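All remarks here apply to the structure that follows.
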Amino acid sequence: MAHQTIIVVDFGGQYNQLIARRVRECKVYCEVVPYTKALQVIKQKQPQGIIFTGGPASVYEPGAPAIESEVFNLGIPVLGICYGAQLMAQALGGKVAPASLREYGKTLVDFDNAEGALFAGLPKQNNVWMSHGVMIEEVPAGFSVTAHTPSCPVAVMEDTQRHFYGLQYHPEVTHTENGTEMLRRFLYDVCGCTGDWTMGDYAKTAIETVRAQIGDGKVLLALSGGVDSSVVAALLAKAVGPRLSCIFVDHGLMRKNEGDEIEQVFGNGDMHFVRVNAADRFLSKLAGVDDPETKRKIIGEEFIRVFEDEAKKIGKVDFLAQGTIYPDVIESGEGDAKVIKSHHNVGGLPAHVDFKEIVEPLRLLFKDEVRQLGKELGLPDYLVNRQPFPGPGLAIRVIGDITVEKLDLLRDADAIFREEIALAGLDKSIHQYFAVLTNMRSVGVMGDSRTYDYTLALRGVTTSDFMTADWARIPYDILEKISGRIVNEVPHINRIVYDITSKPPSTIEWE
Ligand code: XMP
């Protein structure tokens, strides 16, 4: 079934994916397309509407990102946000200039025409999120100005005949009051969308689509127990049942009870499920290795070997399934970001394994949609809401060389930390939290005896995209309880520290 579509034209702004997520939250399907390809895609897909994103450039600089002006002749409504609004103003004959006063952060905006298409029924004044050093000085012919702030005369411009709208502020960020409501009005009232994008429908369609793709063939999936691969497994099990083989490589670097939990959920006969207990293989390769990048490389390579060995046992398989999600697919208007760590995803594709086709049923979904889909498919909450867990597992949370004893200590301490955070009701507001066994030992006293044991670090972060993160302000009394329980219940740990660095300059993981 074809969904109504909005094309989000990416000009390299920092909130671009957020815009797309907000549109999807309004139950409207959208795709993010770099500005260089946008016109071609728009002509091909004939979307209900177009959104121009913000961007770091100034529209009047030579070589600034732009889109062919033909886009305004297609009869499709356009909403420009920040840079996108300025671009629209300039392209249609208005004037854009450096702002005498830059505006960053929360600003009170007055809607001079509160009955306008984007604001009907909303308060006449709203706090909005501004972030610009350039502003629209003169609107093009056909436009009227419908909102202003004390230092920005054109906060909103509208051409209700041609259905072009420009917002100087960012409706997609949560700091903008009623921002999602304004987007919703654009989508429903201006573009005529009806809200035909829901996860229930998506599940049905996706099952039919992969069923048609796979036919009577066999499909193989590397199941890590992470949200993405788990949802793919559940979906494919519904689509092709036992013709799906899932290989779960247990590298011995999972958290406490995690391997058994994964086996419980997926080893119930709905699919062909193989758990490979490969801890010995991984740990012997890792013995004595203390360099983080070397650890990652060893684990990545060993993973592929184990996977290939198992795949051979299963025999000829035509399809390989992967948990690729939309943020991995979006080709941004910006250049490539620098690689800080070589991330290894357990779902990685062995380059030289011969498959007919790849099956990627989550390719169009954002992470929150993948979780919703997981719920639709009946996966348990703890799997669907699982915090991210790195492919190399606890190997990069035991600093320095890895031993079974160290892994066991870490598993026990980490389980206590997670249990207490959940008990305190903080497990949704802290986006990732875990324990790290530092390689440092220090002197302590327990009973009447001297100890010389490990220091354990606790890490908790809040973040929207894991690219930047702030350390979580866990209340002292909860930290106290966690610290008390760990030193009492886990032998050989006699000191607990809490990591209070943000990313950057640190990273979320310690290795
Ligand atoms: P860093 O430490 O780079 O982590 O700030 C950012 C996010 O990525 C996760 N992470 C990984 N995920 N394979 C993964 O699948 C990896 O090798 C890997 N290393 C880090 C990390 O847990 C955090 O969520």
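None of the values given here were measured: they were computed from a predicted structure. Whatever order the structure lists ligands and atoms in, that order sets their numbers, starting from 1.
In the vicinity of Thr507, heavy-atom distances shorter than 4.0 Å reach the ligand 1 atoms 1 (P), 2 (O), 5 (O). Listed by number with element, the atoms of ligand 1 under 4.0 angstrom from any heavy atom of Gly391 are 13 (N), 14 (C), 15 (O), 16 (C). Proximity to Arg296 (heavy-atom distance under 4.0 Å) selects the following atoms of ligand 1: 16 (C), 17 (O), 18 (C), 19 (N). Which parts of ligand 1 touch Lys503 is read off a 4.0 Å heavy-atom cut-off, strictly below it: atoms 1 (P), 3 (O), 5 (O), 6 (C). Interface of Pro392 with ligand 1, defined as ligand atoms under 4.0 Å from a residue heavy atom, comprises 13 (N), 16 (C), 17 (O).
Note on Glu419 versus Arg485: salt bridge recorded, some NZ/NE/NH1/NH2 to OD/OE distance being below 4.0 Å. Arg275 and Asp260 are joined by a salt bridge, as a carboxylate oxygen and a charged side-chain nitrogen come within less than 4.0 angstrom of each other. The residues Glu25 and Arg22 are annotated as salt-bridged, a charged nitrogen and a carboxylate oxygen being separated by less than 4.0 angstrom.
Residue contacts with ligand 1 for Pro388 involve side-chain atoms from C-beta outward but no N, CA, C or O (heavy atoms, distance under 4.0 Å).
The ring pair (Phe, Tyr, Trp, His ring centres under 6.0 Å) test with Tyr202 singles out one residue from Trp197, Phe366, Tyr29, and that residue is Trp197.
Atom 12 (N) of ligand 1 has its nearest heavy-atom neighbour, among Gly393, Ser224, Pro390, Gly300, in Pro390.
Considering CE of Met467 and OG1 of Thr507, their distance stands at 12.5 Å, rounded to 0.5 Å.
Ring geometry for His170 versus Tyr15: interplanar angle over 60°, hence perpendicular rather than tilted (30 to 60°).
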